[in-house]
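To start, the structure under review is shown below, and the notes come after it.
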Number of protein chains: 2
Amino acid sequence: MGVTKTQIFDERQNELAHFFKVLGHPARIAILQYISKQNACICNDLVEEIGLAQATISQHLKELKSIGLLKGEIEGKRMCYCIDLDRWNALQQSLNSFFNTTKHNCC
Amino acid sequence: MGVTKTQIFDERQNELAHFFKVLGHPARIAILQYISKQNACICNDLVEEIGLAQATISQHLKELKSIGLLKGEIEGKRMCYCIDLDRWNALQQSLNSFFNTTKHNCC
DNA sequence: TTTTATTATCGTAATATTGCGATATATAAA
DNA sequence: TTTATATATCGCAATATTACGATAATAAAA
């Protein structure tokens, strides 16, 4: 086993879970915080800043791109990764919507 | 390897990531939504509702307990799992704080 | 006490994730 | 063209996660 049974959940549950999952790694949190602190981002800076190998950072960036949080623009021989603000806000809202609609209690 | 290098991140980054990680599974999203919909929750109901084995549900409940989102009370021979509203709100706030402080852009 | 019902835990198999070195690719600089 | 720099991808090893059957533990019911 070891496979998440995505077929028994609805699309929204899977999407929400995937989003949470991508944010569920300290390196990816750190990457987002660092990109935010700077005004431009270059992957190579991240390697020094975060302290993981270049291949590893590149992999984490790919996952952040997979949910649209980052957009990359080629800038000469460099890559400029930035936060996609529209997506960022949309995700925050989607997440708050989950929190607000799922908080009834019993005991 | 396969080990997250938690030691190179700060406590807040690790905590935030752990929180996101726990929410990063559709079964756990579904569990929270179901508990919320009901006014009381019994694990056995979840097994029928979600469609995973009892052992698996129990495991997911344990992880939700690990971040304090659920509290369980023994009720006869049953277990009543409920959402801890204080913790729920605190986590929502912590999450919004992350989103609000990490959203500057460049391109 | 015995049985039944409910939940937790253990052990295990399958798959996923993390991390890294090596290498490929692409562009700028020399 | 050659070299240097920056990023992506491949392949692999180590560890984590997911799922489940079997079983333990606990308490109500018979």
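Values reported hereafter were calculated over all heavy atoms of this structure, with side chains retained and with hydrogens, waters and symmetry mates removed. Reminder, nothing fancy here: chain letters follow the sequence lines and each chain counts from 1. All figures in this text were calculated on a predicted structure; none of them were measured in a lab.
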Task: Base-contact (B) and sugar-phosphate-only (S) positions in nucleotides 23-30 of chain C, heavy-atom cut-off under 4.0 Å, - elsewhere - done: ----BS--
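- C:dG19 atom C1' lies 15 Å from atom NZ of A:K62, rounded to whole Å.
- In this view, A:K65 and A:Y81 satisfy the side-chain hydrogen bond (donor to acceptor under 3.5 Å, both in side chains) rule, not counting sequence neighbours.
- You'll find the side chain of B:D10 reaches within 4.5 Å of the side chain of B:Q13, heavy atoms only.
- With no hydrogens or angles considered, no side-chain donor-acceptor pair links A:N44 and A:Q54 at under 3.5 Å.
- For the pair A:K21 NZ and C:dA16 P, the computed distance is 9 Å after rounding to whole Å.
- Here the C1' atom of nucleotide D:dT9 and the CD atom of A:Q59 are 9 Å apart, to the nearest Å.
- Side-chain N/O atoms of A:T56 include one lying less than 4.0 angstrom from OP1 or OP2 on C:dC20.
- Of the listed nucleotides (D:dT18, D:dC20, D:dT15), D:dT18 has the atom at the smallest distance from the side chain of A:T4.
- Applying the salt bridge (Lys or Arg N to Asp or Glu O under 4.0 Å) criterion to A:R28, with sequence neighbours excluded, gives A:E63.
- Distance B:F9 CZ to C:dG19 P: 7 Å, rounded to the nearest Å.
- The A:L61 side chain lies nearest to D:dA8 when the options are D:dT18, C:dA8, D:dA8.
- Using a 4.0 Å heavy-atom distance criterion, B:A55 is classed as a base contact.
- A sub-4.0 Å separation between OP1 or OP2 of D:dT26 and a side-chain N or O of B:R78 is absent.
- Annotation: of the two residues near DNA chain C, B:D45 and A:L52, the 5′-most nearest-nucleotide partner is B:D45.
- Between the CG atom of A:L46 and the C1' atom of D:dA6 there is a distance of 13 Å, given to the nearest Å.
- Partner A:L64 forms a side chain to side chain contact (heavy atoms under 4.5 Å, CB included) with one of A:I35, A:L32, A:I83 and no other, that one being A:L32.
- Place A:N44 and A:K5 on DNA chain D by their nearest nucleotides, and A:N44 ends up nearer the 5' end.
- Heavy atoms of A:I57 sit nowhere under 4.0 angstrom from any nucleic acid atom.
- Separating the NE2 atom of B:H60 from the P atom of C:dT7 is a distance of 16 Å, rounded to the nearest angstrom.
- As a whole-Å value, the separation of A:I8 CD1 from D:dT18 C1' is 11 Å.
- Residues B:E49 and B:Q38 have side chains not in contact (no heavy-atom distance under 4.5 Å, counting atoms from C-beta outward).
- Taking the six-membered ring where the residue is Trp, B:F98 and A:W88 present tilted rings, their angle falling between 30° and 60°.
- Atom C1' of nucleotide D:dA6 and atom CD of A:E48 are separated by 12 Å, given to the nearest angstrom.
- Distances shown here put every side-chain N or O of A:Y81 at or beyond 4.0 Å from the OP1 or OP2 atom of D:dA6.
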